[in-house]
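Notes follow the structure.
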Protein chains: 2
Amino acid sequence: MTKPNTLFKEAYNSCLGMLSMDASLPSETELSARLKVSRTTVRSVLTAMVDAGLLHWEKTSKQVIRLPVAADYFPDSETDSISSVIERAFMARILSGRMTMGDRISEADLARDIGVSTSAVREFLIRFSRFGIIEKQRNRHWVLKGFTEEFALELFEVREMFEIRSTHAFIRLPAQHPAWTALERIEAEHRALLEAIDTRYRDFSELDERFHRLIHNASQNRFILEFYEIISMIFHYHYQWNKAGEKERNRVAIEEHLRYVEGLRSRSLIDAEYLCRKHLISARQTLLTSLEQPTPSSEVRKRLRPALIA
Amino acid sequence: MTKPNTLFKEAYNSCLGMLSMDASLPSETELSARLKVSRTTVRSVLTAMVDAGLLHWEKTSKQVIRLPVAADYFPDSETDSISSVIERAFMARILSGRMTMGDRISEADLARDIGVSTSAVREFLIRFSRFGIIEKQRNRHWVLKGFTEEFALELFEVREMFEIRSTHAFIRLPAQHPAWTALERIEAEHRALLEAIDTRYRDFSELDERFHRLIHNASQNRFILEFYEIISMIFHYHYQWNKAGEKERNRVAIEEHLRYVEGLRSRSLIDAEYLCRKHLISARQTLLTSLEQPTPSSEVRKRLRPALIA
DNA sequence: CCGGCGTCTTTTATCGTTATTAGACATTCG
DNA sequence: CGAATGTCTAATAACGATAAAAGACGCCGG
């Protein structure tokens with residue numbers, strides 16, 4: 001196999017959602033912009049839709065013949081790029097506790113297990129190495145430094161420095177800056193989520209990410225933003241693997257966020273900084289607590305990555 | 001071609017330096033440790049030395065037959081790993097001013113120019129991307145964000161945060177910690193260099209790096225240390241490309257370092273922080289000034305990378 | 001038995017190749 | 001004549017293959 005057409009499949013699925021009997025599809029250029037792929041790919045999608053009997057397409061005219069059914073969609077598993085498949089498989093390995101600090105990581109081994117080429121794994125590891133969890137020396141194997149307490153502490157040390165810096169930058173933003181209205185919207189979302197916390201507590205992680213990202217954006221510093229990518233990745237997987245006390249944990253975090261927002265709006269440096277610190281300390285505590293019990297329930301494990309359990 | 005034997009050549013050259021008529025070579029294991037390569041490579045080196053008529057080798061006995069001459073060494077150009085070749089070529093491109101912000105970077109193009117495979121370039125770019133100078137989106141080309149004033153300011157913003165944090169950590173080190181004696185040694189080196197500044201000013205960049213690295217080590221934080229790699233890389237190339245006013249610039253920096261060291265030794269947080277800040281501000285100024293005149297003299301350009309000038 | 005060596009297996013660093021995708025230019029249509 | 005389409009070229013994202021290098025295992029001599 002060579003370059004897989006996951007992008008095509010993803011665009012195809014996404015385009016199926018745009019079909020309706022009453023409106024015809026927009027121009028190729030427009031579609032290209034909306035689907036965020038090149039026109040070449042758009043044309044492949046359109047051709048495939050014609051072949052599937054969904055569309056009559058000639059020049060500018062794009063008449064929908066029938067609406068898509070479930071069977072018209074490509075399965076999710078085929079729309080993931082190889083790199084994201086590797087990422088998930090790799091994180092599953094680390095977080096499942098099957099690997100411990102100091103373990104060797106073999107490119108060849110990983111590639112075999114996941115079923116991809118060594119080059120793909122290699123590129124992934126290089127990209128992943130910036131997260132500070134793995135390391136390698138020239139001509140030698142990778143070593144797992146581990147997702148340990150130490151790691152979490154170092155991570156939060158930097159996170160605190162950066163987030164406080166961003167907080168200051170945020171407060172200095174002029175009153176008419178769009179970030180302030182964005183903050184209001186996010187605050188409203190927090191309140192709405194808090195109302196329905198019993199049923200919707202799972203939505204928090206996504207909101208959490210958007211909230212902190214908004215704040216970090218004020219820093220206008222590529223290194224700070226890049227560092228938030230690490231945080232974000234860690235929490236993304238951490239949330240998936242550790243569900244213990246999730247509802248309560250999220251409720252507390254939402255309340256902290258709300259106070260933090262108030263601090264920002266008050267434009268008081270010391271209040272904002274204080275409330276930011278408070279929140280980060282409890283976030284750190286959450287992460288540390290969950291590291292003490294590294295093996296997640298088999299139920300969670302199964303949901304995340306069936307292939308590796310057998 | 002496949003995996004090149006640059007490592008072998010490097011080890012061979014390095015091993016040639018260990019030959020002497022009166023002593024025989026140590027055990028394979030010992031050699032392996034000293035040359036920092038595997039025993040397999042050591043054995044290749046020994047075999048090659050026998051073939052070159054330098055050595056009589058049977059089991060534990062390794063008798064030197066003749067001393068190596070210049071012709072026995074592999075040329076430097078053959079001992080560089082592909083990745084470092086790419087790095088140099090790429091940095092030369094960026095710093096020469098031939099590329100400007102927003103330019104597309106083509107993997108294929110670079111590979112052709114440098115004369116290596118696309119995969120090698122690709123891996124390099126991935127590794128290099130953590131420096132924040134280039135960027136790419138999925139399925140699209142790389143873009144040069146540029147080695148600009150903005151970049152330098154963002155870099156120094158983070159550098160200052162980190163270095164001050166490290167300074168604090170350094171001061172808190174117990175008096176018997178080896179870092180204090182290391183600091184004393186480095187201080188002495190600074191004084192020696194200052195004495196002979198007229199002739200030895202070129203030695204400063206290496207000393208500078210060791211000095212700051214020593215301080216950052218106190219932070220015990222992988223993200224801070226990793227960030228210093230970026231600084232270090234930037235300065236490494238920057239020093240090579242911008243020689244204007246180098247002697248005076250280095251003299252000033254040495255004096256700042258000396259005051260900075262005094263601040264550390266006084267264990268006074270505010271003094272150390274103040275002197276650290278002072279030094280970083282002037283370091284930033286140096287970098288900014290040199291960014292204003294991006295094209296280096298042709299003399300320098302020639303020395304750094306002859307191949308690209310023609 | 002323990003450091004050192006001989007031999008063998010596994011893994012990495014590089015390459016070249018190919019389908020997919022992006023992007024550029026020419027052409028057509030309203 | 002500008003936006004949309006048709007066509008073509010070039011670049012990227014994968015793959016597998018191969019020589020170099022690492023690492024493992026067993027043997028041997030003191």
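Lettering of chains follows the sequences in order, A, B, ..., and the numbering in each one begins at 1. If you're wondering where the values come from, they're calculated on a predicted model, not measured in any experiment. Any value given below was found using the heavy atoms of this structure, including those in side chains, with hydrogens, waters and symmetry copies removed.
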Side chain to side chain donor-acceptor pair (under 3.5 Å) contacts touching residues 42-61 of chain B (sequence neighbours left out): B/Glu28-B/Arg43
Remember a base hit wins even if backbone is also touched, and classify B/Thr41 as base, sugar-phosphate or nothing at under 4.0 Å, heavy atoms. sugar-phosphate
Tell me the interatomic distance from A/Asp113, atom CG, to C/dT10, atom P, rounded to whole angstroms. 15 Å
Rounding to a whole Å, what distance do you find between A/Ile126:CD1 and C/dT12:P? 12 Å
Tell me every residue that passes salt bridge (charged side-chain N to carboxylate O under 4.0 Å, His left out) with B/Arg104, counting only those two or more places apart in sequence or in another chain. none
Carefully, step by step, assess A/Asp103 and A/Trp142 under the rule side chain to side chain contact (heavy atoms under 4.5 Å, CB included). CA-CA 9 Å; A/Asp103 275 10; A/Trp142 292 90; over 6 Å; no
May I have the step-by-step check of side chain to side chain contact (heavy atoms under 4.5 Å, CB included) for A/Leu16 and A/Met49, ending in yes or no? CA-CA 9 Å; A/Leu16 286 179; A/Met49 285 183 163; 3.6 Å; yes
Identify, with sequence neighbours excluded, every residue that meets ring-ring contact (aromatic ring centres under 6.0 Å, His included) alongside B/Tyr228. B/His216
Output all residues satisfying salt bridge (charged side-chain N to carboxylate O under 4.0 Å, His left out) with A/Glu209, sequence neighbours left out; order by chain, then residue number. A/Arg213
Spacing of A/Ile86 atom CD1 relative to D/dC15 atom P, expressed in whole Å: 7 Å
Name the pairs: protein N/O against N/O of nucleotides 10-13 of chain D, kept only if under 3.5 Å.
unit_1, atom_1, unit_2, atom_2, d
D/dA11, OP2, B/Arg112, NH2, 3.4
D/dT12, OP1, B/Glu107, N, 3.1
D/dT12, OP2, B/Glu107, N, 3.2
D/dT12, OP2, B/Ala108, N, 3.1
D/dT12, O2, A/Lys3, NZ, 3.0
D/dA13, OP1, B/Lys136, NZ, 2.6
D/dA13, OP1, B/Asn139, N, 3.3
D/dA13, OP2, B/Arg122, NH1, 2.3
D/dA13, OP2, B/Arg122, NH2, 3.0
D/dA13, OP2, B/Lys136, NZ, 3.4

Excluding sequence neighbours, so at least two apart, what forms salt bridge (charged side-chain N to carboxylate O under 4.0 Å, His left out) with A/Arg222? B/Glu154
Can you sort out which residues in residues 6-19 of chain A have a heavy atom within less than 4.0 Å of DNA chain D? Ascending by number, please. none
Below the 4.0 Å mark, does D/dA22 have OP1 or OP2 next to a side-chain nitrogen or oxygen of B/Ser38? yes
Set of residues satisfying side-chain hydrogen bond (donor to acceptor under 3.5 Å, both in side chains) with respect to B/Gln63, sequence neighbours excluded: none
Can you give me the closest heavy-atom contact between B/Val143 and B/Ile105, atom names plus distance? C-CD1, 4.1 Å
Mind calculating the distance between CG (A/Asn5) and C1' (C/dT20) to the nearest angstrom? 7 Å
Show the distances under 3.5 angstrom between N or O atoms of the protein and N or O atoms of nucleotides 4-7 of chain C.
unit_1, atom_1, unit_2, atom_2, d
C/dC5, OP1, B/Lys62, NZ, 3.1
C/dC5, OP2, B/Glu28, N, 2.8
C/dG6, OP2, B/Arg43, NH1, 2.5
C/dG6, OP2, B/Arg43, NH2, 3.3
C/dG6, N7, B/Arg39, NH2, 3.3
C/dG6, O6, B/Arg39, NH2, 2.5

Going by number, which of residues 44-51 of chain B have a non-hydrogen atom under 4.0 Å from DNA chain D? none
List the steps and the verdict of side chain to side chain contact (heavy atoms under 4.5 Å, CB included) for A/Phe151 and A/Ile234. CA-CA 11 Å; A/Phe151 175 84; A/Ile234 297 291; 3.7 Å; yes
Hits for ring-ring contact (aromatic ring centres under 6.0 Å, His included) against B/Phe131, two or more places apart or cross-chain, chain-then-number order -> B/Phe128
So the salt bridge (Lys or Arg N to Asp or Glu O under 4.0 Å) pairs with at least one residue in residues 133-143 of chain A (sequence neighbours excluded) are A/Glu135-A/Lys145, A/Arg138-B/Glu10
Run the salt-bridge test on A/Arg130 and A/Glu229 with the 4.0 Å N-O cut-off and return the result as yes or no. no
